*Asks:* 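Sharing a structure here in structure tokens format.
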Amino acid sequence: MSCGNGQNMSFLEANARQRANWLVDEGSFTELLDPQDRMTSPHLPALGEAVSFDDGVVTGVGRIGTRPVFVISQEGRFIGGAVGEVHGAKMVGIFRLALEAYEAAAEKHPDDLDAYRPVVVISFETGGVRLHEANAGLLAHAEVMDLIQDTKGKLPVISLIGSKVGCFGGMGFVAAATDAIIMSPQGRLGLTGPEVIEQEMGKEEFDASDKSLISRTTGGKHKYIMQDCNILVEDKVADFRRALCELLSKPYEEICSCRRIGSYELVKEQMNLVALAAELNPGDAKDVWRYYGNEHPEQLPELETAEFLSVVHRRPKEVH
Amino acid sequence: MALQHLEFSYAGTPGAAIPMEWFHSGVVGSGDMEVLLTRREQQGRVTVKVCTPVRGFDQVWDKVLARFVQESGCGDLELEINDNNATPFIVSLRLKQALQEARGGEPA
Amino acid sequence: MESMIGHGRDAISMIVDPGSFAENWVGAAQMPEGYGPGAVVGTASLNGRPVTILANDAQAVNPRFPVVYFGVIGMEEAYKMASAVYESILADRDKPVGEKRPLLLIVDTPGNGPGKVEEIFGMNKATGAYQLALAEARKAGHAVIAMVIGRAISGAFLCHGLQADHILALPKECGTMIHVMPLTSISRITKMDIERLEELSQESPVFAAGVDFFYRLGGVEEIVPAPEGMRDALARHVELVEALKREGHYEQTGPWSRGALGAERGGRTTRPEVLRRMAEEFAAVSSSYLA
Amino acid sequence: MQETQQRQWDTLRQDTAQRLAAAEEITGPGKLVRAKDVVKLLEAVIRPGDKINLEGNNQKQADFLAERLCRVDPEKIHGLHLVQSAIALDSHTKLFEKGIAEKIDFSYSGAQAGKLAQAVQEGKVKLGDIHTYLELFGRYFIDLVPRVALVAAYQADKDGNLYTGSNTEDTPVIVEATKFKQGIVIAQVNEVVDHLPRVDIPGDWVDFVVQSPRPFYLEPLFTRDPALITDAQILRAMMAIKGIYAEYGVQTVNHGIGFDTAAIELLLPTYGEELGLKGKICTSFALNPHPTLIPAIESGWVKNIHCFGGELGMEEYVKARPDVFFVGPDGSPRSNRTYAQIAGHYAVDLFIGGTLQIDEDGNSSTATASRIAGFGGAPNMGCDPHGRRHASEAWLKCGAESGMAAFTLGGMPRGKRLVVQLQETFREKMAPGFVERLDAWELKEKAGLALPPVMIYGDDLTHIVTEEGIAYLHKCRSLEERRAAIRAVAGYTKVGLKADPEETRALRADGIVKTPEDLGIDPARANRSLLAAKNVRDLVKWSGGLYQPPGKFKNW
């Protein structure tokens, strides 16, 4: 229910509901299970934790052109965007509806499916499982992974990562499992959070308070170099939307070629990368950037996005 | 330890209902809150439900809400607030912003 | 009762036909020796039928990735397991459902590789890749059954376990641990005393640590009372799952089925309500989106 | 007469000579000492019960020497009396745990505040006095003269000359007090070089130099990430600019390190510009090189800044702006805590900062019952300097408005420093900013202090700014009126709830209390779009790449 259109707003500073509304065509978004449904967590009250009418995730459907866009937009300010029972079920619900919509579209538009093919867009902002309802969150993660596999060959799932909390924990592999990933340099993607790495390896090896190190390890620019992020955009709602629209204008097969995992071929490519990890044993992501031909890796973080994109050397992809 | 539910009711201004049936605003971040405004025909009364983890501030809520209802001139309204340690200043600010938007004004 | 923690290899011997386990061989492929040593993969037979084994070896240490030991699933381990799954699919791609080799997951893992190099190269992809492979195998008609013999902790359980059709577990008396975080840590973070949390976990199984709570949530299909029973239980669940799949009842297997099972056992009771209302609300507006 | 002739007048010098002779057996000739010999050196030159100064404050730390002092044999060295600016490192509290030190006179404690309070309660530490920086520095020359000083510098040469550069801070005052009373000075340096950029401390005031295995610790205490500034802070900043800076034409300023004052800095080029205040306010500062001040400097607001210390990452920027900052003939910045404190005490018209608690009489404190945090330098600025005699517009106006002056000065005109507290009525987790009784009282009881540690006394405080409004306390004509003015801006705290709406109306009519509405400020405008820089990267851009934030703040 946000008024106005904030295309010029920073994606990083936009809240989940604003992102959901502004990513799709103006005025086309219908929130499903909106705040009026008052679907709050049944588990947080007993633990004395504040509840939210949307349980930290905005779900709904909008349009980009003729295509229905099923949106999941997480709110990092509510318990770090963590996934509990309701939050998880809402994610699952969106996938189920998108898959049903695909069946309908496939039946109705067999010859022109790409124009009507539904898409799932996830604007991630989460650390993964919500501790207060951890078991439910865990089971929901598994359901989402199962459903992502169901979408293969049917409809694209696109990740947008550029919000404050980033995308960590179990949601880190959910994002990896989607078809394409769009990030801003401010976006963060990983599995293990910095504090846990510090705890495991010691402050000398990994100082979790060093934000620059975290950016180099998990940030949009690094993930772009590694081909773990497909499209790198400025931190603007409009830039995320433009990248999303451009991507969706491509044939489905081309979108699928953005994937990094999800087939034996891709796993073999990743295994070559792991062999390189063992060989290089980098002390810092900069060592890897240099390996891929960036002569002055220390300068890459300083560059504005456009300049970065024009000079950066990325990991060559093996599977196309 | 569990969450607290508080309820308040104020005279409000008859005939000052918001144009839409309901309106939602805010994010339940730490130190912040969300509010759901619902139009209710109740002789101008403004009823408020607060769900909060903080204890011992019932009187403060009452004062903040009473002042908001009086100063804003709202009426025939139900407010449902999910609070997460918002200070009285933030509560007042968020309520004003929400009402301003619900009345069709520009977001604050 | 004796704990099976750290005894992934022993568990394999207790489960499969004696002497039948050919480590590193899956279908036509052989995994390189010493690769991903924390993961044990290979082919064995169960009652004469070939099965793919995917297990953790908590005794192994990965010399290339120092955070990978004590059953941790690192990048090599996860991709090795994913490869074994894809090889299984390939080997049986022409066989009908019911004849495709079952995949048995023997679970005893405390986590995914929590290191700097892992994050630089993308540990999230490795665990994601393995999960997608398992889901693909499941949907291709393979029966995928997980047997939790020791630790099934948080993300590592998602990686290796929660994508199975059915999940079985030894009881807590065997030292089995299924959780995201122990109650003591939850107590520290939520600042609630442990007694109160224990009391609350009796009312609601959603945050408590332990096999029994996962059972109530539908996260564990069956608790196998003792290690000796693992072999028969696994064989029985392979049959159950295959029967369901032969009749096309895929929704009664895998992660989705655990939703229904949980609701039945009084676990996640709000989930079905969420799904129902979302479907209802979408139905009301769908005509304007599905042109 | 006979007695006088026999009396020795250089016992200190002779004692020092003996200690240095003992040291030479370990270090050999020359001033350079190997890191591995430092513990033995300390055992040779320190005697039980000595007054020791371990240099350190809220910024730089002689951390290597502190850590080595922890390793001396407590059998040989014990009962030390620490006289120093800060007790800020683990190694500082460890000295007491090991019995090496037993007493402390200090100014600031920071991260060790909790441990210190505990150690005092357990009787492990004899607490001397808690000072402001300036008074402690004063006592270095009267009754707390250090026998041995352990200091930190960037560079030294083999003759012991030191380069302390942008982080000169407390070094000159410590070395002067120690050396000229025949004491011993040991310096840890990041490197030993042939030629120093300039000499900040002359070599003949320094006895030993050791190259530390790692650079001295430097805390970027004055860096605030604009991304974390909230709407409420922006509102208070707008009120301060319009209701105080503009109202009094405040040109010379010292302010705190919180987000409220960072917001003021970042509003100057936007909101301040809009009000037409450029050149009229905030032209000169006694202040550390706050990164959030960069946009105001770059937009031409600021003519002059003298710094207490350096700020990590700001070195190149400061160096490139010698018209604004104090920069040596070599081209590199210098700071000096003593001089900046003097400047802050006498030469600025306004102090503005935040606090934890304000009581009903306007006394404020950052103390909590379980932490001995100390004062640092704030009270030297957060007071009315009674020795001030020069006049300025702001000082005269504030003095002329004083409602109580008639009772103390009769008709004699006098100026007054503006001392302003920016206060949230409630902080996080609903901790009230206004209280009936300061936690400082409880700390006094627990730690056995002579007085509750008050940062700024009510009679020095001239203004309080909260979201509710500004209280112009100096205008009040009685204590009762002051209390009413404080209550009127204390919001929904227990103190604020006592406010009588009638009384508040009267105070507003008299201009003693002004709400945002009275000031012509729309709270709805108070949002982040007003900030000249919204994040650290914006600050780097404003600086033309000269500001190089440390990793802790550089999120790219």
Side-chain angles (χ1 to χ4, degrees), chain A residues 30 32-33 37 39 42-43 46-47 61 63 66 68 85-86 89-90 93 97 101 104 116 129 131-136 138-139 141-143 145-146 149 169-170 172-173 176-177 190-192 196-197 200-201 205-206 217-218 226 228 260-262 264 267 270-271 273-274 277-278 282 285 288, chain C residues 64 67 75-76 79 82-83 86 112 114-129 131-132 135-136 139 154-155 157-158 162-163 180-181 186 189-190 192 200 204-207 213-214 217 219 254-256 258-259 268 270-271 274-275 277-279 281-282 285 289-291:
Chain A
T30 300
L32 300 173
L33 220 66
D37 282 297
M39 190 58 87
H43 310 296
L47 296 166
V61 57
R63 261 188 314 271
T66 49
E85 178 174 353
V86 173
K90 285 172 81 173
L97 294 173
Y116 298 92
V129 170
L131 177 63
H132 310 79
E133 31 196 301
N135 303 345
L138 209 60
L139 293 170
H141 273 73
E143 284 183 79
M145 287 300 278
D146 178 45
Q149 184 59 34
F173 58 69
L191 184 72
T192 309
V196 180
I197 301 177
E200 194 70 25
M201 304 189 74
E205 266 299 299
F206 198 92
T217 311
T218 67
M226 300 302 284
D228 291 346
R260 57 226 64 79
I261 53 171
Y264 199 6
V267 160
Q270 291 298 337
M271 288 168 92
L273 194 57
V274 175
V288 186
Chain C
R64 291 166 296 281
V67 297
M75 293 189 287
E76 284 188 355
Y79 289 126
S83 301
Y86 285 123
N112 288 117
K116 177 163 66 181
V117 173
E118 278 76 6
E119 287 305 307
I120 290 173
F121 284 87
M123 184 66 223
N124 61 326
K125 289 179 291 182
T127 168
Q131 292 176 63
L132 288 179
E136 186 174 327
K139 290 167 202 292
S154 196
F157 188 30
L158 278 166
L162 281 166
Q163 279 305 319
V180 171
M181 205 176 254
I186 297 181
I189 292 168
T190 59
M192 293 181 72
L200 284 170
S204 153
V206 293
F207 64 85
F213 298 112
F214 265 82
L217 279 167
W256 180 258
R258 285 187 269 281
R268 290 182 290 166
T270 314
R271 176 185 169 279
V274 168
L275 296 175
R277 278 164 76 171
M278 283 178 84
E281 290 179 20
F282 180 62
V285 296
Y289 292 98
L290 307 180

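A, B, ... follow the sequence lines: proteins, then strands. Residue 1 opens every chain. None of these values were measured; they are calculated from a predicted model.
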*Asks:* Look at C:M75, C:R277, C:R258 and state which one has the largest set of heavy-atom pairs under 4.5 Å with chain A.
*Replies:* C:R277
*Asks:* Heavy-atom pairs under 4.5 Å with chain A: which of C:G219, C:A135, C:S83 has the most?
*Replies:* C:S83
*Asks:* Between the side chain of C:E136 and the main-chain N/O of A:Q149, is any donor-acceptor distance below 3.5 Å?
*Replies:* no
*Asks:* Would you find a donor on one side and an acceptor on the other, under 3.5 Å apart, between the side chain of A:Q270 and the backbone of C:K125?
*Replies:* no
*Asks:* Give the member of C:F282, C:F207, C:Y289 that has the highest number of heavy-atom pairs under 4.5 Å with chain A.
*Replies:* C:Y289
*Asks:* Measure A:H141 against the heavy atoms of chain C and call it side chain, backbone, both or neither at under 4.5 Å.
*Replies:* both
*Asks:* Which atoms form the tightest heavy-atom contact between A:F173 and C:N124, and what is the distance?
*Replies:* CB-O, 3.1 Å
*Asks:* Measure distances from C:S204 to the heavy atoms of chain A and classify the residue's part below 4.5 Å as side chain, backbone, both or neither.
*Replies:* side chain
*Asks:* Report the distance from atom CD of C:E118 to atom OG1 of A:T192, rounding to the nearest 0.5 Å.
*Replies:* 8.0 Å
*Asks:* Nearest 0.5 angstrom please: C:L290 CG to A:T66 OG1, how far?
*Replies:* 12.0 Å
*Asks:* Who wins among C:V274, C:L162, C:V117 for the most heavy-atom pairs under 4.5 Å with chain A?
*Replies:* C:V274
*Asks:* Is there a side-chain contact between A:L131 and C:M181 in this structure, where contact means two heavy atoms from C-beta onward sitting under 4.5 Å apart?
*Replies:* yes
*Asks:* Taking every heavy-atom pair that is under 4.5 Å apart, which of C:S154, C:G259, C:G254, C:A279 has the most such pairs with chain A?
*Replies:* C:S154
*Asks:* Which residue out of C:V180, C:I120, C:L200 racks up the most heavy-atom pairs below 4.5 Å with chain A?
*Replies:* C:I120
*Asks:* Please classify the contact between A:Y264 and chain C as side chain, backbone, both or neither, with a heavy-atom cut-off of under 4.5 Å.
*Replies:* both
*Asks:* Examine whether an atom of A:E133 lies under 4.5 Å from a heavy atom of chain C, and if so say whether it belongs to the side chain, the backbone or both; otherwise answer neither.
*Replies:* both
*Asks:* Identify which of A:V61, A:T30, A:L97, A:D228 forms the greatest number of heavy-atom pairs closer than 4.5 Å to chain C.
*Replies:* A:V61
*Asks:* Evaluate the side-chain contact (heavy atoms from CB on, under 4.5 Å) criterion for residues C:E281 and A:D37: first the C-alpha distance (whole Å), next the side-chain angles of each, then the deciding distance (0.1 Å), finally the verdict.
*Replies:* CA-CA 10 Å; C:E281 290 179 20; A:D37 282 297; 2.6 Å; yes
*Asks:* A:D146 versus chain C, heavy atoms under 4.5 Å apart: side chain, backbone, both or neither?
*Replies:* both
*Asks:* Flag the pair A:E143 / C:R271 as yes when at least one side-chain heavy-atom distance between them is below 4.5 Å, and no otherwise.
*Replies:* yes
*Asks:* Check whether A:M39 gets within reach of chain C through its side chain, its backbone, both or neither, counting any heavy atom under 4.5 Å.
*Replies:* side chain
*Asks:* For A:V274, is it the side chain, the backbone, both, or neither that has a heavy atom closer than 4.5 Å to a heavy atom of chain C?
*Replies:* both
*Asks:* Answer with side chain, backbone, both or neither: which region of A:M201 has an atom nearer than 4.5 Å to a non-hydrogen atom of chain C?
*Replies:* side chain
*Asks:* Which atoms of A:V129 come close to chain C, meaning under 4.5 Å heavy atom to heavy atom: side chain ones, backbone ones, both, or neither?
*Replies:* side chain
